[in-house]
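Report on the structure given below.
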Amino acid sequence: MKNKEVAQILDEIAALLEIKGENKYKIAAYQEAARRIENLPEDIERLFKQGKLYQIKGIGESIGQKIKEYLTTGKVSYLEELRKEIPPEILELLKIPGIGPKLAYRLYAELGIKDIDSLEKAAKEGKIRVLPRLGPKVEQNILEAIKEYREKQTVPERIPLGVALPLTEEIVNYLSQYPFIENIVPAGSLRRRKETIGDIDILITTSDMDRVNQVLKNLPILKNILAAGPTKTSIIVEPGIQVDFRVVEKSSFGAALQYFTGSKQHNIKLRELAIKKGLKINEYGVFRISDNKKIGGEKEEDIYEILGLQYIPPELREDQGEIESAMEGKLPNLVEERDILGDMHVHTDWSDGANTLEEMVEVAYKLGYKYVVISDHSQALGVAGGLTPEQIEKQRLKIQELNRKYRDFKILHSIEANILSDGSIDLPEEVLKNFDLVIAGLHSGFKQPKEKITERLVSAIKNPWVDIISHPTGRLINKRPAYEVDLPTILYWAKETGTVLEINAQPDRLDLCDIDARIAREKYGIYLSIGTDSHDIRSYSLIRYGIAVARRAWLQKEDIINTYPWEEAKLKLKRYRNQK
DNA sequence: GCCGTTTTCGGCCCGACTGTTTTCAGTCG
């Protein structure tokens with residue numbers, strides 16, 4: 001997939017045009033096209049080859065030509081020209097908060113500044129304050145911003161949802177105890193459950209911001225305060241994460257929540273829609289343009305209702321077709337945590353889990369599940385104490401025995417088998433066929449070339465005893481990119497063979513990711529499974545991250561196999577279908 | 001540069017805050 005590359009190129013063009021002081025709508029058009037392509041639920045190259053490039057919204061004659069040039073020659077001559085005009089190093093200046101394109105260009109043109117070091121030098125020497133419309137305050141702010149920028153360099157860019165969500169809940173719970181805080185709700189990308197978060201936004205209604213600020217100053221995990229005003233307070237909390245608190249009137253709570261939840265593109269779309277209806281939306285409410293009368297905004301649902309839309313769940317608000325669907329009343333009925341009847345991927349201390357089989361089973365039962373899939377590692381994964389055929393047979397008998405103890409609950413015997421470097425599975429067929437189901441995944445040879453990895457996965461997918469592929473792309477958020485794999489080929493064969501793909505709920509995996517999972521279901525009709533990959537009893541709670549991915553992927557209950565009772569779920573697995 | 005159940009031309013989301021200015025441009029979210 002070259003979607004990301006293409007998006008980056010368009011973004012760079014936009015940034016360079018911005019510095020040049022080009023028409024802002026032209027710039028916006030490049031940025032818009034970049035966002036569209038980045039979030040496109042399809043391979044841009046494939047679309048191009050099918051001649052469907054211009055079906056993508058935001059891509060017209062001019063941008064389309066540039067994409068075409070890039071996909072065929074690997075270059076964009078327009079961008080090369082721009083780079084000659086403006087050294088791309090100036091783009092580095094834009095990374096300093098407070099420096100936008102206009103200022104960056106002036107600094108370059110008038111002072112010859114083209115990187116952060118020379119910027120710092122000029123600021124220290126007082127060379128910036130002498131320029132018209134710039135003063136000492138600007139210099140000081142630039143120096144502080146550079147200092148902070150350099151400190152931040154060492155910390156990973158975006159915070160994984162698995163870190164941000166518990167932290168936010170901790171803060172919200174803590175603050176909820178104060179009676180003068182009437183309403184407190186997380187907003188932003190956290191509420192949309194994006195896999196990583198920039199900073200945490202929390203919305204508050206209160207009668208007394210002074211006391212709220214007082215409380216925030218004494219927050220146990222407070223590191224420092226960036227700003228504390230009457231409507232907005234920004235702080236840094238212990239792991240170095242920024243939290244913005246915004247205070248609004250109760251009558252504007254819904255509008256503010258909608259606005260601060262975003263995404264930006266989603267909001268822009270809504271506002272355009274509003275204008276066509278003679279309305280204006282801002283964070284205070286919905287207003288009639290003719291007489292400026294406020295007609296809604298206390299509740300978030302107001303905004304969608306007034307625009308004649310179905311209520312759009314936060315996870316869908318990415319301008320990926322949800323507004324159009326809401327208009328037609330065709331939004332999906334998104335899967336919920338309570339729809340899940342069993343965890344599809346669980347380890348025990350038979351391999352590298354921390355808890356015993358009995359403990360893992362008992363907790364799954366107490367959580368109200370109807371079944372649990374015990375899927376320890378198999379022999380090739382020596383470091384994880386992978387099971388040999390003999391151990392597997394023992395475990396099978398143990399599970400058989402354990403199953404007699406439980407009513408209305410089933411322990412399913414599975415394995416997370418390894419796909420070896422030649423694409424074979426590390427257990428013989430006579431062992432594989434005895435499981436209730438088999439999960440297989442790649443745990444080695446990540447550095448192999450794309451063709452090889454794709455081949456291995458396809459070979460596993462074609463294996464009649466492999467029912468589910470675990471963490472199909474192998475990425476670890478902020479740690480390791482996905483291995484090189486041709487996803488469309490994988491999806492094609494999964495569809496052909498009826499193989500299920502996992503949404504692994506470990507917060508550093510979330511694999512398949514939202515975009516890929518949506519493609520898998522929408523374009524290929526593949527079933528997904530959600531498993532926590534638990535290695536201890538506490539990790540069962542991670543299921544909510546898998547649900548978050550599924551919801552962002554527009555998935556409904558029917559799309560996920562472990563929302564079905566086992567007797568129905570199994571009919572969707574390859575081995576049972578083939579037996580029919 | 002893109003787009004069209006008010007348009008093939010004339011629009012393109014909205015507001016807060018800051019620093020520099022006497023009315024606003026630039027930046028940010």
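Every chain is numbered from 1 and lettered A, B, ... according to where its sequence line falls, protein lines coming before strand lines. Computed from a prediction, not measured in an experiment: that's the story for all the values here.
The separation of dT22(B) from dG29(B), taken at their C1' atoms, amounts to 28 Å, rounded to a whole angstrom. A distance of about 13 Å separates the C1' atoms of dT7(B) and dC12(B), rounded to the whole Å. Only the P atoms considered, dC28(B) is 26 Å distant from dT23(B), to the nearest whole Å. Comparing dC13(B) with dC2(B), their P atoms sit 16 Å apart, to the nearest whole Å. If you take atom P in dG15(B) and the same atom in dG4(B), they sit 25 Å apart, rounded to whole Å. Taking atom P on both nucleotides, dA16(B) is separated from dG11(B) by 25 Å, rounded to a whole Å.
Ion pair Asp117(A)/Arg150(A) flagged as a salt bridge, since at least one NZ, NE, NH1 or NH2 atom sits closer than 4.0 Å to an Asp/Glu carboxylate oxygen.
Distances shorter than 4.0 Å separate none of the side-chain N or O atoms of Asn267(A) from OP1 or OP2 on dC13(B).
For the pair Gln31(A) CD and dC13(B) C1', the computed distance is 14 Å after rounding to whole Å. Rounded to whole angstrom, the span from the CD atom of Gln140(A) across to the P atom of dG19(B) amounts to 9 Å.
A glycosidic torsion no more than 90° from 0 defines the syn conformation, and dT7(B) adopts it.
Ile281(A) comes within 4.0 angstrom of sugar-phosphate atoms only, judged by non-hydrogen atoms across all strands, and of no base.
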Protein proximity profile, nucleotides 20-29 of chain B - base contact B, sugar-phosphate-only contact S, no contact -, cut-off 4.0 Å on heavy atoms = S---B-SSSB
Where protein sits on nucleotides 1-12 of chain B, one letter per nucleotide: B base, S sugar-phosphate only, - none, heavy atoms under 4.0 Å | BSS--------B
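Here the CD atom belonging to Glu322(A) is positioned 7.5 Å from the NZ atom belonging to Lys269(A), to the nearest 0.5 angstrom.
Nucleotide dG1(B) has dC12(B) as its partner under the Watson-Crick or G-U criteria, with both atom distances under 3.5 Å.
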Show me the side-chain donor-acceptor pairs of residues 173-189 of chain A shorter than 3.5 Å, one per line, residues at least two apart or across chains.
{"residue": "Asn173(A)", "atom": "ND2", "partner": "Glu169(A)", "partner atom": "O", "Å": "3.3"}
{"residue": "Ser176(A)", "atom": "OG", "partner": "Val172(A)", "partner atom": "O", "Å": "2.6"}
{"residue": "Gln177(A)", "atom": "NE2", "partner": "Tyr174(A)", "partner atom": "O", "Å": "2.9"}

